[in-house]
Amino acid sequence: MPDFLIIGVPKAGTTALHAALHRHPDLFLSPVKEPKHFLTDGPPPTTGGPGDAETYREHVWRRTDYEKLFTVAPPGTLTGEATPFYLYDLAAQRRIREAVPHARLIVILRDPVERAHSNWTHLWSAGLEPIGDVVRACAEEERRIAAGWAHFWHYVALGRYGEQLAHLFTLFAREQVLIFRYRDLVDRPAETLDRICAFLGVRQGLVSVLPRENVTAHPDASPRHALLASFRRRVPSGLAEPIEKLLQHRGDSRRPLTWEQRQLLIPYFAADVHLLQEVTGQDFGDWLRPRERSGGLVGTRPPGQRQSRNGRPPPA
């Protein structure tokens, strides 16, 4: 079983962090990013929202298969994996506590409005999100959750970190949990990677670059996109990849939220931001105000890269 877990949060650089730590000689990251082992007690569901059935098939839910992910780790290395839904799923937190009570846990927190927007853009870019506006998509969340749509559709609930961390600290000692901001990873990658290595007890200064992984394109809402997306939501998984490639071909960089959009989304998170401050003793008040800049690992997508999918090994 792993020595450490990157447990949160989705769309906060966990894919890039997994790729960066994968290059550290003292660490072994599972060849499958997001095995999602602790999200169920048995087989995952088989139905849900658009594309969910494909994702569920990628779960490494059997313990024997999960343990095999780490059996090839070089002697003396620390083993770990990154499934950013573990923080959100309170039952997953309990399963981790039962299986690996001494594990070290890494949490990256991102402005919840920005995180929701990036999450929505990811699914829009993949042709799975049928609503072309993040504010209207968030308004549909309760209905989607009631219908059994998977965690990645929970744009708002995934960003209520105060509730999630309050529960986590009933299970794990605070010294087992490293919390830092997504902006630290983006703006000061070398310093932040050293901080992570110090937390894990491995050598510092050996990884200093954050790869540009999982950069989200933002296709325009055009008749072409509508047609391809409608087709994508109905095709079997074997045909999904070429359609997603067409959808994201020459897609623009993710566009920032307007202040008007941000004002409509902040109320979903305001109370939880105050709880988060109580739980952590840190100031997150900037998340309730206009942003001087918006976005994250955005810009032109590196050549040959497409949007990240679960169940894929990291680059060599």
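From a predicted model like this one, the values you see are computed outputs, not experimental measurements.
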Can you name the residues that form a side-chain contact (heavy atoms from CB on, under 4.5 Å) with P44, not counting sequence neighbours? T40, Y56, H59, W61
So which atom in P2 and which in G80 form the shortest heavy-atom distance, rounded to 0.1 Å? CB-CA, 4.0 Å
Measure the spacing between CG of L276 and CD1 of I179 and express it to the nearest 0.5 Å. 7.5 Å
Inter- and intrachain pairs under side chain to side chain donor-acceptor pair (under 3.5 Å), touching residues 167-177, at least two apart: Q93-H167, R94-H167
Could you tell me whether a side-chain N or O of T121 sits under 3.5 Å from a main-chain N or O of H117, the two making a donor and an acceptor? yes
Just to verify, what does R63 make a side chain to side chain donor-acceptor pair (under 3.5 Å) with, not counting sequence neighbours? E67
If hydrophobic clusters are built by linking Ile, Leu, Val, Met, Phe, Trp and Tyr wherever their side-chain heavy atoms come under 4.5 Å apart, do V100 and V32 end up in the same one? yes
Name all pairs fulfilling the ring-ring contact (aromatic ring centres under 6.0 Å, His included) condition that reach into residues 256-285, sequence neighbours left out, sorted by first residue then second. F284-W287
For C138 and L265, which heavy atoms make the closest approach, and how far apart are they? SG-CD2, 3.9 Å
For R160, side chain to side chain donor-acceptor pair (under 3.5 Å) partners two or more places apart: none
Compare every heavy atom of L90 with every heavy atom of L87, then report the nearest pair and how far apart it is. O-CD2, 4.2 Å
With a 3.5 Å distance limit and no angle check, can you tell me whether T83 reaches the backbone of K36 through a side-chain donor-acceptor pair? yes
Verify, without hydrogens or angle tests, whether R262 (side chain) and R289 (backbone) share a donor-acceptor contact under 3.5 angstrom. yes
Starting at NE2 of H22, measure out to CG of L17 and round the result to the nearest 0.5 Å. 13.0 Å
Please step through side chain to side chain contact (heavy atoms under 4.5 Å, CB included) for the pair L168 and I7, ending with a clear verdict. CA-CA 11 Å; L168 186 73; I7 64 171; 4.0 Å; yes
Heavy-atom side-chain contact between F152 and T55 under 4.5 Å: no
Quick one: pull up CG in L178 and CG in L200 and give me the separation to the nearest 0.5 Å. 8.0 Å
Nearest-0.5 Å distance that lies between atom CG in L158 and atom CZ in F85: 6.5 Å
Would L165 and L109 count as a side chain to side chain contact (heavy atoms under 4.5 Å, CB included) here? Give the steps. CA-CA 11 Å; L165 284 169; L109 298 182; 4.2 Å; yes
According to the salt bridge (charged side-chain N to carboxylate O under 4.0 Å, His left out) rule, which pairs have a member within residues 196-210, sequence neighbours left out? D26-R203
Donor-acceptor check, side chain of R115 to backbone of P10, threshold 3.5 angstrom: yes or no? yes
Residues pairing under side chain to side chain donor-acceptor pair (under 3.5 Å) where one sits in residues 135-154, two or more places apart or in two chains, turn out to be D52-W153, Y88-H154, D89-H151, E129-R144, E140-R143
Can you tell me how far apart CD1 (I108) and CD1 (I6) are? Round to the nearest 0.5 Å. 6.5 Å
Hey, quick one: are V202 and F180 part of the same hydrophobic cluster, counting side-chain heavy atoms closer than 4.5 Å, chains of contacts allowed? yes
Parallel, tilted or perpendicular: which describes the rings of F70 and Y66, with under 30° parallel and over 60° perpendicular? perpendicular
Treating N119 as the side-chain partner and K11 as the backbone partner, does any N or O pair qualify as donor plus acceptor under 3.5 Å? no
All heavy atoms of A19 vs all of R23, minimum pair found to be O-CG, 3.5 Å
Heavy-atom closest contact (L21 atom, F4 atom, distance): CD1-CE1, 4.5 Å
Run the side chain to side chain donor-acceptor pair (under 3.5 Å) test against T14 and tell me which residues pass, sequence neighbours left out. K33
Straight-line distance of L128 CG to E54 CD, nearest 0.5 Å: 7.0 Å
Those residues that, when tested against R95, pass salt bridge (Lys or Arg N to Asp or Glu O under 4.0 Å) (two or more places apart): D41
Does the salt bridge (Lys or Arg N to Asp or Glu O under 4.0 Å) test come out yes or no for D286 and R181, once each step is laid out? CA-CA 12 Å; D286 56 297; R181 289 192 182 215; 3.0 Å; yes
Please examine the side chains of L69 and P35, heavy atoms only from C-beta on, and report whether any two atoms are closer than 4.5 Å. yes
Side-chain heavy atoms under 4.5 angstrom apart, residues restricted to Ile, Leu, Val, Met, Phe, Trp, Tyr: same cluster for V209 and L185? no
Honestly curious: do I145 and Y155 fall in one hydrophobic cluster under the side-chain, below-4.5 Å linking rule? no
My understanding is that only residues two or more places apart in sequence, or in another chain, count here; which of them pass ring pair (Phe, Tyr, Trp, His ring centres under 6.0 Å) with F28? none
With L264, which residues qualify under side-chain contact (heavy atoms from CB on, under 4.5 Å), at least two apart? V135
Can you name the closest pair of heavy atoms from V279 and A166 and give their distance? CG2-CB, 4.0 Å
Sorted by chain and residue number, the side chain to side chain donor-acceptor pair (under 3.5 Å) partners of D184 (sequence neighbours excluded) come out as R188
When E34, Q164, E81 are each screened for side chain to side chain donor-acceptor pair (under 3.5 Å) with Y86, the one that passes is E81
Any donor-acceptor pair under 3.5 Å linking the side chain of Y161 with the backbone of R110? yes
